[in-house]
Peer 1: 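Can you keep this structure in mind? I'll have questions shortly.
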Amino acid sequence: EGEEEGGRGGGGGGGSSSSNSDTSPLLSSSVRLGRGPPPDAGGDGGGAEAAFDQYDLGAVDRLSPGELALEFEQSEACAQMWGDLAALSGDRADRGGAEEAHRRASSTVSQYVGSLADVGDDDQPLTSATFAQQVVVLAGRTISNLGRDRFLFLGHLAVVVLTGLLLGFFYWQLPLTDLQAIQNRMGLLLLMCAFLAFGSLSSLDLFLKERVLFMRERANGLYLPSSYFVTKVFFDVVPLRVVPATVMGSMVYFMAGLRAELACFVRFLVIVVLVNVTATSVCLVVGTAVKSGSVANLVASLYMLVSLMLTNIFHNDESTPAVLSLFKWFSFFNYAYEALVINELEGRLFGGSFMGGNFELNASAVLLELGIDVGHFSLDMALLLLVCLLCLLVSFALLKFRVKERR
């Protein structure tokens, strides 16, 4: 379909099955008149494939020559051609009449192929519906599909609830004593980021599974790519990214006994939702650019692992070569994790005892030693949002300019 069958356009259809040439007598006659030799010039014209094989079908690569011939037989152009030929075919023994019939048929087929090549070049829909009306109709269809596949939403919700319970009980009511309390909090926040990011891999097939349907409907002018993109993203992000992340974040926050301040709790939920949406937007770019689901899964998983590796918890900028430390700017994990850690630990004091003496530990100083600047919270949030919006923009550009029928 579309891009996937692009190689068939220029090559012709020499490898097509015999069923494409064993067509009805009407079709065989029409395609021979359309491109083959004049009726009295000898030879059978090569059948359906031979008739259309001699045209430049690079722009009509969704169909093989045989399939194009079948579509032509059902078109108004074919009916008109037979009407014109009927007026010329009174005496088929006349060489001049046969040549004129052949010329007119060839011209009709040429115009038909040319009209197919022009279809889909303009993204303006053939319908008079506004953008809002297109979104409403597409939203209704998407909601119906979600209703048929209830396990998708319920499965996401069940997984985040079970994971939230697991993390909540494992890190139950973390204390405010010694260095271990800081380590446990940082570990919990990293696990949350990792789970939400890898859970977003389910969005890889958002456009993959409807790729052929989208190309056909777009080529027929049913709606704009922008209306389709907005609808699909909205109904994936809200029920499958925002709701589960909010549920899981709320459960873990109170079960683990994280910072008991309303502003910190709100910021925490915003960050976990944003990291989930950002990871989803990265997956949309990969899923739109790559045609194979298995390859897309491999590429997205590899990026998630590399992005996780570039967080400050696994390396310190002071001990990393300057060139390699620049790669952390491409890691959305780094921004999300820094923001979560700063939100939880900035300015907090952790007390403990060592060798019979008591001490007080400032978490901000510990973070600074780990290469995390507590003054970067706003920058981390802005960069995380920027990565999310940039990936959504790139995925839309790929959908608009790359995923289409090339006729």
Peer 1: So with a 6.0 Å cut-off around CD of Q180, is the heavy-atom count from everything else above 12?
Peer 2: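 No, not enclosed.
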
Peer 1: Might you point out which heavy atoms bring S227 and L224 nearest each other, and give the distance in Å?
Peer 2: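 Looking at all heavy atoms of both residues, the closest pair is OG-O, 2.8 Å.
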
Peer 1: Would you check if V237 and V242 make a side-chain contact, meaning some heavy-atom pair closer than 4.5 Å?
Peer 2: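 Counting from C-beta outward, V237 and V242 do come under 4.5 Å.
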
Peer 1: Can you find a pair of side-chain heavy atoms, one from T288 and one from L206, that are under 4.5 Å apart?
Peer 2: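 Side-chain contact under 4.5 Å: no.
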
Peer 1: Between R216 and E210, does at least one N-O distance fall below 4.0 Å, as a salt bridge requires?
Peer 2: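 Looking at E210 together with R216, the answer is no, because their closest N to O distance does not fall below 4.0 Å.
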
Peer 1: Using side-chain heavy atoms (C-beta onward) and a distance below 4.5 Å, is L191 in contact with Y171?
Peer 2: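 Of all side-chain heavy-atom pairs linking Y171 with L191, at least one is under 4.5 Å.
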
Peer 1: Quick one: do M381 and V270 satisfy side-chain contact (heavy atoms from CB on, under 4.5 Å)? Show the steps, please.
Peer 2: CA-CA 10 Å; M381 292 294 293; V270 170; 3.9 Å; yes

Peer 1: With distance as the sole criterion, is a donor-acceptor pair present between the side chains of R241 and T246 under 3.5 Å?
Peer 2: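 R241 vs T246: no donor-acceptor pair found between side chains.
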
Peer 1: Taking the six-membered ring where the residue is Trp, are the ring centres of Y223 and F131 under 6.0 Å apart?
Peer 2: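 They do not qualify: ring centres at least 6.0 Å apart.
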
Peer 1: Please tell me if the side chains of Y337 and F332 come closer than 4.5 Å, counting only heavy atoms from C-beta onward.
Peer 2: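 When only atoms from C-beta onward are counted, F332 and Y337 do not touch, as no gap falls below 4.5 Å.
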
Peer 1: Does V272 reach the side chain of L340, with side-chain heavy atoms less than 4.5 Å apart?
Peer 2: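 In short, these two side chains touch, coming nearer than 4.5 Å.
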
Peer 1: Determine the minimum heavy-atom distance between F235 and A139, stating which atoms define it.
Peer 2: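 Scanning both residues, the minimum pair turns out to be CE1-CB, 3.4 Å.
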
Peer 1: Do D380 side-chain atoms and E338 backbone N/O form a donor-acceptor pair below 3.5 Å?
Peer 2: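 Judged by distance alone, no pair lies under 3.5 Å.
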
Peer 1: Can you label the angle between the Y228 ring and the F207 ring as parallel, tilted or perpendicular, going by 30° and 60°?
Peer 2: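 If you compare the ring of Y228 with that of F207, the planes turn out tilted.
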
Peer 1: Could you tell me whether a side-chain N or O of N220 sits under 3.5 Å from a main-chain N or O of L222, the two making a donor and an acceptor?
Peer 2: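 Checked: no pair found.
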
Peer 1: Check whether any side-chain heavy atom of M309 sits under 4.5 Å from a side-chain heavy atom of S331, and report yes or no.
Peer 2: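 Not touching, per the 4.5 Å side-chain cut-off.
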
Peer 1: Anything under 30° is parallel, anything over 60° is perpendicular, the rest tilted; go ahead and classify F333 against F198.
Peer 2: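 Taking F198 first and then F333, their aromatic rings sit tilted (interplane angle of 30° to 60°).
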
Peer 1: Test the R259-Y253 pair against the cation-pi criterion, namely NZ or CZ under 6.0 angstrom from the six-membered ring centroid and within 45° of the ring axis.
Peer 2: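 No, R259 does not sit over the ring of Y253.
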
Peer 1: Less than 4.5 Å apart, any side-chain heavy atom of C283 and any of L201?
Peer 2: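 C283 vs L201: side chains touch.
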
Peer 1: Would you call L389 and L385 a side-chain contact if the rule is heavy atoms closer than 4.5 Å?
Peer 2: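 In short, these two side chains touch, coming nearer than 4.5 Å.
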
